[in-house]
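Here the structure comes first, spelled out in C-alpha cells, and everything after it is commentary.
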Amino acid sequence: MSNAVQEKLVELAKASLYPNYAQPPIVIVRGRGCDLWDASGRQYLDLFAGIAVNTLGHAHPRLVSAIATQAASVMHVSNYYYNEPNLRLAARLCSLTGLARVLFSNSGTEAIEAMLKLARRHFYVRGEQDRYRVVAFDNAFHGRTMGSLAVTGQPKYRDGFGPLLGVTHVPFGDVSAVRAAMAPDVAAILVEPIQGEGGVIPAPPGFLAALRATADEHGALLLGDEVQTGVGRTGAFLGFQREGVVPDAVALAKAMGGGFPIGAVAAGEILIGALPPGSHGSTFAGNALASAAALAVLDVIEEEGLVEGARTKGEHLAQGLTEVASRHPTKIVTSRGVGLLQALVLAPDVAAAKVLGAVREEGVLLTLAGGALRFSPALTITLEELDRGLACVDRALAKC
Ligand SMILES: *Cc1c(COP(=O)(O)O)cnc(C)c1O
C-alpha cells in the first residue's frame with residue numbers, strides 16, 4: 001500500500017461515485033479493534049465506530065466467525081420461511097427491551113418507517129382512521145426515506161424534499177409545547193432519548209416520563225428512536241431504560257449488527273394486531289446472516305459486560321472531555337453526552353470541518369454532529385485508547 005495506490009482509488013471515487021457525500025481523500029482498507037488503516041498504510045484510532053455501528057470494533061474474531069459460519073450454512077431464505085438465528089435473535093431482543101414482539105428491517109430508516117406504519121395502522125384497525133399525525137422534535141434525526149424524513153426535524157435534511165406531511169415539530173425538552181400540540185388526530189409522539197445527529201443532546205431528566213404520561217392522557221403511542229442510542233451505548237440496553245420509561249415501540253439498527261446491516265422494531269403487546277400478514281414486509285429483513293451477526297454481537301456484549309462497561313468508560317471519557325474543553329475555552333463551549341456517546345461542542349466561530357481535519361491529522365477519526373465533535377467509539381474500546389485519543393484531540397485543538 002502506498003500514497004500512489006490511495007490516490008488512484010480516490011480518482012476512481014471522483015470518476016464513478018455519486019457525489020452525495022464529502023469524504024476526505026482517504027480509503028480505509030483494514031481494521032482491527034479500534035484501529036483502522038488507509039490505503040497509504042497510515043494508521044488511525046477509530047473513535048466514531050462507523051457512526052456508532054462497530055460495537056465490537058473491527059474484525060472481532062467472534063463476529064467474523066459467526067458471519068463465516070452462517071454464510072457457509074444458509075444466508076437468506078426470505079420471510080416465506082423461518083430461519084433459526086432470526087428466531088433466537090427475536091427472543092433475545094424481546095427480553096433485552098422488555099417488549100413483546102420484534103419486526104426486522106435492514107437499516108435504521110426502515111425501522112422508523114415500519115414503526116410509523118405500525119402506529120398509523122394500529123389506529124386504523126381500531127376504527128380511528130383520523131389519528132395519523134406524529135408529534136416529533138426540532139433538531140431530531142430519524143433517517144432519510146420520505147416517512148423518516150417527514151419526522152426528522154432539521155432543515156438541512158428536509159429542504160428540497162417537500163411536501164413532508166402529517167408531522168408537527170416542537171422544541172426538544174419542552175413538555176408544554178408537546179401538550180399544546182396534542183389533539184385527537186395525534187397517533188404518536190416520536191423521540192430520541194439523546195438527539196444523536198442533532199449534536200448529542202440528552203433529553204432533560206424527566207422528559208421521557210412526561211412524554212409517556214402525555215401520550216397516555218391523549219390515547220396516543222410513545223415511540224422511541226434508539227437507532228443511535230440502543231444496544232448498550234448509553235450504559236443501559238436502551239436509552240429509555242435509564243429513565244425507567246417503557247415506550248410502546250422502539251427502533252434499533254446501527255450497533256445491532258456490529259457493522260452488518262440490520263434493524264428492528266421492538267413493539268409492545270398492544271401493537272401486535274396492527275400489521276397482519278401481507279400488510280408490511282421486506283425481502284432481506286431478518287435474514288439468517290444478519291441475524292447471526294447480531295446474535296454474536298449480543299453474546300459478546302453480555303459475556304464481556306459491555307453495557308456496564310459503556311457506563312464506566314463513558315464516565316472516563318466524559319471526565320477527559322471536560323478537561324479538554326477547559327483547556328480550550330475559546331474553541332470548546334462545553335462537553336456533553338451519556339455513556340459512550342459524547343461530544344465537544346464547538347464555539348460558533350470555529351470552523352468545524354477544519355477541527356475534524358486537524359484531529360484526523362493527529363491520527364484520530366471522529367464525526368461532526370450538529371456543530372459538535374462526536375465521540376461514539378466501539379464498546380470494546382480500552383481506557384488507554386480513550387486517553388490516547390483524548391491526547392490527540394487536545395493536540396489538534398492546540399494547533400487549530
Ligand atoms: C442513523 C439514524 C437513523 C437512520 O438510520 P440509517 O441506518 O442511516 O437509515 C435514524 N435515527 C437515528 C436516531 C439515527 O441516528
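Numbering of ligands and ligand atoms starts at 1, following listing order. What you are looking at is a predicted structure, and each value in this text was computed from that prediction instead of being measured.
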Check each heavy atom of H142 against ligand 1 and say whether those closer than 4.0 Å belong to the side chain, the backbone, both or neither.
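It is the backbone that touches ligand 1; the side chain stays farther off.
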Determine, for [X] against [Y], whether the closest basic-nitrogen to carboxylate-oxygen distance falls under 4.0 angstrom.
X    : Y    : answer
R101 : E269 : no
R131 : D185 : no
K313 : E308 : no

With nothing but distance in play, are any N or O atoms of [X] less than 3.5 Å from an N or O of ligand 1?
X    : answer
Q228 : yes
T109 : yes
K254 : yes

Value rounded to 0.5 Å, distance of CG in L238 from CG in L96:
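The CG atom of L96 is 8.0 Å from CG of L238, to the nearest 0.5 Å.
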To which protein heavy atom is atom 7 (O) of ligand 1 closest, and what is the distance rounded to 0.1 Å?
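Sorting protein heavy atoms by distance from atom 7 (O) of ligand 1 puts G108 N, 2.8 Å first.
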Look at atom 11 (N) of ligand 1 and say which protein heavy atom is nearest, naming residue and atom and giving the distance to 0.1 Å.
D225 OD2, 2.7 Å
Is the distance between the ring centroids of H76 and F284 under 6.0 Å?
yes
